[in-house]
Visitor: 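I'd like to ask some things about the structure below.
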2 protein chains.
Amino acid sequence: MQLDTFQVLADPTRRRIVEILASGEHAVGDLIDRAGVHQSGVSRHLRILGDAGFVTMRPDGTRRLYSLRPEPFRELAGWLDRYRALWDARLDRFAAAVERRERRRNRQ
Amino acid sequence: MQLDTFQVLADPTRRRIVEILASGEHAVGDLIDRAGVHQSGVSRHLRILGDAGFVTMRPDGTRRLYSLRPEPFRELAGWLDRYRALWDARLDRFAAAVERRERRRNRQ
DNA sequence: CCAAAATATACACCGTCGTGTATATACACG
DNA sequence: CGTGTATATACACGACGGTGTATATTTTGG
């Protein structure tokens with residue numbers, strides 16, 4: 001219950017749903033065909049996505065329109081930022097310096 | 001088996017290990033105390049992290065020194081980038097143009 | 001009200017993952 | 001060699017998550 005951001009994204013079906021929603025608001029029915037899972041599954045995934053703040057819902061007649069929210073993505077970006085020195089090529093010079101420092105430290 | 005990037009990060013203990021390794025190379029023994037899990041668990045997590053490209057190992061006597069690799073982080077950054085328009089408040093038309101120019105420059 | 005459509009929920013099932021205990025393997029050092 | 005230390009692996013187990021089927025709930029239109 002109440003999965004965190006990473007756990008939510010760990011499931012491929014949920015990532016697919018997120019990807020579909022990236023193009024805008026969608027009703028549950030629209031998602032069923034493309035998600036590759038039955039209606040109940042889509043509904044459950046949407047609840048999980050909602051609990052984690054990934055989506056909001058807005059009723060429209062008997063349909064429910066779901067759309068993405070920015071917060072979890074920002075959270076993910078924040079997490080990734082703590083490792084930016086490690087992977088961002090534009091920080092190469094800094095990374096190289098760290099690397100050299102490390103190597104020197106290990107040599108002792 | 002062979003978990004993808006998100007599945008690897010879904011486990012809190014593994015995230016903990018990644019966080020520790022962010023400060024540099026560590027032997028397995030160093031990780032045990034701080035990871036909050038037994039030695040066999042740490043070892044298994046390191047194998048999983050290795051399979052997914054998160055870490056490399058370098059033997060040092062009887063010890064094995066693990067350190068982070070950039071690729072999975074870059075992959076994650078790439079994924080997140082597809083949703084940047086959704087969450088990055090700074091992303092206006094001008095920023096997008098700069099972004100594109102950068103991308104072109106880096107490609108060369 | 002009532003029937004149909006859209007969505008949510010309850011239930012059972014099964015695979016998978018994380019864990020600890022116990023054991024195997026590799027390496028250094030006498 | 002043999003002993004101790006560091007790490008990996010085998011095994012069993014419990015918990016949890018994703019799925020489908022069946023059913024409940026909500027809303028619209030007549």
Side-chain angles (χ1 to χ4, degrees), chain A residues 1-21 24-69 72 76 106-108, chain B residues 1-21 24-69 72:
Chain A
M1 41 150 88
Q2 252 302 50
L3 308 184
D4 65 46
T5 303
F6 288 103
Q7 289 165 343
V8 165
L9 294 174
D11 183 69
T13 305
R14 277 195 293 268
R15 285 207 297 273
R16 197 168 319 130
I17 291 177
V18 166
E19 195 168 342
I20 297 170
L21 291 181
E25 231 179 17
H26 283 270
V28 180
D30 288 351
L31 298 172
I32 298 175
D33 335 318
R34 310 197 220 172
V37 74
H38 278 217
Q39 180 262 322
S40 69
V42 173
S43 194
R44 264 188 316 254
H45 281 306
L46 286 170
R47 183 168 53 75
I48 292 171
L49 286 166
D51 289 347
F54 272 89
V55 299
T56 33
M57 186 267 282
R58 152 175 103 82
D60 171 43
T62 88
R63 301 185 309 162
R64 309 283 164 100
L65 301 179
Y66 284 87
S67 51
L68 290 182
R69 280 160 40 83
L76 195 57
N106 289 328
R107 214 177 289 121
Q108 297 169 2
Chain B
M1 47 188 73
Q2 250 304 45
L3 308 183
D4 65 46
T5 303
F6 288 103
Q7 289 166 342
V8 165
L9 293 175
D11 182 69
T13 305
R14 277 195 293 269
R15 284 206 299 272
R16 187 95 224 277
I17 291 176
V18 167
E19 194 169 341
I20 298 170
L21 291 181
E25 232 180 15
H26 279 79
V28 181
D30 288 353
L31 299 172
I32 298 175
D33 335 320
R34 309 197 219 174
V37 75
H38 277 218
Q39 180 263 323
S40 70
V42 173
S43 193
R44 263 187 318 251
H45 281 307
L46 286 170
R47 183 168 53 77
I48 292 171
L49 287 166
D51 289 345
F54 272 89
V55 299
T56 34
M57 185 267 281
R58 149 175 105 83
D60 171 42
T62 87
R63 301 186 309 165
R64 310 282 163 102
L65 301 179
Y66 285 86
S67 51
L68 290 181
R69 280 160 40 84

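Below, each value reflects all heavy atoms present in this structure, side chains not excepted, and no hydrogens, waters or symmetry copies. Numbers restart at 1 for each chain; the letters A, B, ... are given by sequence-line order, proteins then strands.
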Visitor: Hey, is the side chain of Ser43(B) pairing donor to acceptor with the base of dT9(D) inside 3.5 Å?
Guide: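 For Ser43(B), whose side chain was compared with the base of dT9(D), there is no donor-acceptor pair (under 3.5 Å).
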Visitor: Please report the distance, rounded to the nearest Å, between CD in Gln7(A) and C1' in dG17(D).
Guide: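 In whole Å, dG17(D) C1' and Gln7(A) CD are 10 Å from each other.
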Visitor: When all nucleic acid strands are considered with a 4.0 Å heavy-atom cut-off, which category describes Val37(A): base, sugar-phosphate, or nothing?
Guide: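 Sugar-phosphate contact only.
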Visitor: Looking at dC29(C), which nucleotide sits across from it as a Watson-Crick or G-U wobble partner, both distances under 3.5 angstrom, or is there none?
Guide: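 WC or wobble partner is dG2(D).
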Visitor: Map Leu3(A) and Thr62(A) onto DNA chain D by nearest heavy atom, then report which one ends up closer to the 5' terminus.
Guide: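 In this pair, the answer is Leu3(A).
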Visitor: For Thr13(A) and dG17(D), is the shortest distance between a side-chain N/O and OP1 or OP2 below 4.0 Å?
Guide: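 For Thr13(A), the contact criterion (side-chain N or O under 4.0 Å from OP1 or OP2 of dG17(D)) is not met.
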Visitor: To the nearest Å, give me how far apart CZ (Arg63(A)) and C1' (dA8(C)) are.
Guide: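 From Arg63(A) CZ to dA8(C) C1': 17 Å.
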Visitor: Looking only at N and O atoms, is any donor in the side chain of Arg44(A) or the base of dG20(D) less than 3.5 Å from an acceptor on the other one?
Guide: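 Answer is yes: a donor-acceptor pair is held.
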Visitor: Atom NE2 of His45(A) to atom C1' of dA8(C): distance rounded to whole Å?
Guide: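 Those two atoms, NE2 and C1', are 14 Å apart.
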Visitor: Salt bridge between Arg63(B) and Asp30(B), side-chain N to carboxylate O under 4.0 Å?
Guide: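 Between Asp30(B) and Arg63(B) there is no salt bridge, as every charged N stays at least 4.0 Å from the carboxylate O atoms.
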Visitor: For Asp11(A) and His38(A), find the nucleotide of DNA chain D closest to each by heavy atoms; which residue's nucleotide sits nearer the 5' end?
Guide: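 Upstream on the strand: Asp11(A).
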Visitor: Taking any heavy-atom pair under 4.0 Å as a contact, classify Gln39(B): base, sugar-phosphate, or nothing.
Guide: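 Counting heavy atoms under 4.0 Å across all strands, the contact made by Gln39(B) includes a base.
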Visitor: NA contact type, Gly41(A), heavy-atom cut-off 4.0 Å: base, sugar-phosphate, or nothing?
Guide: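 Nothing, no heavy atom under 4.0 Å.
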